[in-house]
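Shown next, in structure tokens, is the structure this report addresses.
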Number of protein chains: 2
Amino acid sequence: MATLMDVARAAGVSKATASRALQRPELVAEATRLRVLDAAQRLGFHPNAAARALTTGRTGLVGLVVPTLSNPFFAPLVMGAQQTAEKTDHHLLIAVSEYDPTREAELADRLAEQADGLIMVTPVGTDTALRERARRFPLVLVDRQVGRLPAVVADTATGLAQLMDHLLDQGHRDIAYVSGPAGSWADGQRSAILTERAEQAKARLRVLGPLPPTFDAGIEAARALPRDATAVLAYNSYLTLGLLHGLAAANRRVPEDVSLAAADDLSSLRSTTPPVTALDVPVEEVGALAVTRLIDLLAGRHVTVTSRLPSRPVLRASTAPPAASAHR
Amino acid sequence: MATLMDVARAAGVSKATASRALQRPELVAEATRLRVLDAAQRLGFHPNAAARALTTGRTGLVGLVVPTLSNPFFAPLVMGAQQTAEKTDHHLLIAVSEYDPTREAELADRLAEQADGLIMVTPVGTDTALRERARRFPLVLVDRQVGRLPAVVADTATGLAQLMDHLLDQGHRDIAYVSGPAGSWADGQRSAILTERAEQAKARLRVLGPLPPTFDAGIEAARALPRDATAVLAYNSYLTLGLLHGLAAANRRVPEDVSLAAADDLSSLRSTTPPVTALDVPVEEVGALAVTRLIDLLAGRHVTVTSRLPSRPVLRASTAPPAASAHR
DNA sequence: TTGTACGCGTTATCAT
DNA sequence: ATGATAACGCGTACAA
């Protein structure tokens, strides 16, 4: 590998000038700049990342800790993050925690040693652990709010409330919420806002769960679903898919007997029978914004605390007014 | 951040001894070893990754270039890779090429500067570019074979041939293959082996495509499917899902009118109506093995050239003997 | 505008 | 068994 010294020699200048010609062209005479550039080109010079990191204190790496990749929710998140990272000459250092707090903690700390900062999407893991971590290095939280720590959240709660309102408008008065993993922050937010809405509208809300966010759990949930509930909201698409199958198996038609909607929107929901009403969550933007926020943080800019990205309902055929009551 | 120098001072030894106590304990007296370890502990010492990389020439990072993450095929691949990387104290540097050869080339080269080696899953991209890259740094290919370059492939071709044999056994004599992206290496392998099998069995094989591996393309393919084909094999699950819907829309029942099978197996295929016969591909193992291979390469061990992981058919309700002919 | 010289934190070599 | 010291490759005060 050609080093800066090699380039300098080939161009007949000192290391310092060579470095400047490449990093701060404006500080160097046009003629020498060209000589250096040419030499660098010829020798195929690439600055050694480790050496640069050592002097600058910057690695150009952004750590990203996600609970899993099997859940299609995270694919667009990572892609959004990667695209934005790329634009600012950064790379993505990725780690999968598999929802294990211990593992997550260890991975996060080890990633942080190699990266300039961390983005964590951590539905599990304690507030205090996150606070402490944020003190040690630049940290941006995703879909989670802890005090005033920098965070980017997809505002599913508000979107879900709109979905709830839609159901209420259609005349539903007995609604079930199939909740997600125990202790999930996002799930807590959703339950809370749904309960509030139900009370306001004097409707009944029954919460099933907590449940693992899986297809199979959805099938179970369909079995446990009260017969008199006329609509079901589910924590995510997997549970929803499971519910769809479970309800079919139990001969409860969607939407004639019961309406169904999901609090996120994987592409498959639009191609089920019937297509399922869902929440369009700007996942890719969340990933992108998280990187932007982190880079701002690194640059010393510390503007917003929590960035909130709106989600909105996508109405499909799985929701309809309940059979007994007309549209009010 | 506490440096090695700080630890050395606190323990009353030299930098060299401190370093040895931590990296090569056997070279140091028990008593001093304990003093150093204790000091390191107290000061919360973590070796600076950049400095270490500078002297050792190793970053502890493994680069991974994938075409996309939207395709659920890659999630388990990355997770398998990450788990194995973790076991050997490595981290994953990830980049998404989005099937763009230019972008891929640039990302790969930039990743390589920060990583000890690269794993590339690159259905596009030319052989020569890959050869040249492999000369410059340790490289492991996934699902692609280029000369004698180190590679890990899921042997879908053989599995697909078994699937084909199954169809032939069932009596199908007019089979369609809905092929994947133009220029895809894996797709080429599959077409070739299917053609060969068809000739042997004196059956007719019609290849549709090349097609983008998407749900929508599958719907189109259903429309273009010859009426007299009694069975369809598709490049991947997306196309298969699309076919399933397209066939239903065209009132062609599966499997009564036409059998359907996929050359990979995303979880959703088992919960469609009917469940679809597919190929179980050990994707996670592929990712894991790719990392193992790369690390072996870094250690100077260069054993196998191409590692081949078997895939096998999972028979479900979507395949049955053709209506007109009995099982032979 | 350019060059000299030092520091970043670690590992490795060579003495002692 | 331990210590002094030289790399590793780069950026950047400071001097000229």
Query raised in the report: Taking N and O atoms by type only, does the side chain of B/Lys15 place a donor or acceptor under 3.5 Å from a partner on the base of C/dT10?
Result: yes
Query raised in the report: Quick one: CD on A/Gln114 to CG on B/Asn48, what's the gap to the nearest 0.5 Å?
Result: 9.5 Å
Query raised in the report: DNA chain D: B/Val28 or A/Pro47, which has the more 5' nearest nucleotide?
Result: B/Val28
Query raised in the report: Between B/Asp127 and B/Arg144, is there a side-chain N and carboxylate O pair less than 4.0 Å apart?
Result: yes
Query raised in the report: Is A/Ser19 touching bases, backbone alone, or none of the nucleic acid, heavy atoms closer than 4.0 Å?
Result: base
Query raised in the report: A/Thr55 side chain N/O closer than 4.0 Å to the phosphate oxygens (OP1, OP2) of D/dC10?
Result: no
**Report entry** Below 4.0 Å: OP1/OP2 of C/dT2 and any side-chain N or O of A/Thr17
**Finding:** no
Query raised in the report: Where the side chain of B/Arg24 is defined as all heavy atoms beyond and including C-beta, which of C/dC14, C/dA12, D/dC8 is the nearest nucleotide?
Result: C/dA12
**Report entry** Distance in angstrom units between B/Leu34 CG and D/dT2 P, rounded
**Finding:** 12 Å
Query raised in the report: Rounded to whole angstroms, how far apart are CE on B/Met1 and P on C/dG9?
Result: 11 Å
Query raised in the report: To the nearest angstrom, how far is B/Gln23 atom CD from C/dT11 atom C1'?
Result: 8 Å
Requested in this report: For B/Glu113 and D/dG9, give me the distance from atom CD to atom P, rounded to whole Å.
Outcome: 15 Å
Query raised in the report: To the nearest 0.5 Å, how far apart are CG in B/Asp38 and CG in B/Leu43?
Result: 9.0 Å
Query raised in the report: Is a donor-acceptor contact shorter than 3.5 angstrom present between the side chain of B/Arg20 and the base of D/dG3?
Result: yes
Report summary line: In whole angstroms, the gap separating P of D/dG3 from CG of B/Leu27 amounts to 14 Å
Query raised in the report: Can a salt bridge be assigned to the pair B/Arg110 and A/Glu86 using a cut-off of 4.0 Å between side-chain N and carboxylate O?
Result: no
Query - N or O in side chain of B/Arg52 less than 4.0 angstrom from C/dT11 OP1/OP2 - result: yes
Query - Min side-chain heavy-atom separation B/Thr304-B/Arg293 under 4.5 Å - result: yes
Query raised in the report: Is A/Leu54 touching bases, backbone alone, or none of the nucleic acid, heavy atoms closer than 4.0 Å?
Result: base
Query raised in the report: Pick the nucleotide of DNA chain D nearest each of B/Thr32 and B/Ala51; which residue has the one closer to the 5' end?
Result: B/Thr32
Report task. Can you tell me the distance, in whole Å, between the CG atom of B/Asn48 and the P atom of D/dC8? Result -> 18 Å
Report summary line: B/Arg58 atom CZ is separated from C/dG9 atom P, nearest whole Å, by 24 Å
Query raised in the report: Under 4.0 angstrom, heavy atoms only, what part of the nucleic acid is B/Ala16 near: base, sugar-phosphate, or nothing?
Result: base
Report task. Take atom CE of A/Met5 and atom C1' of D/dC10, then tell me their distance rounded to the nearest Å. Result -> 12 Å
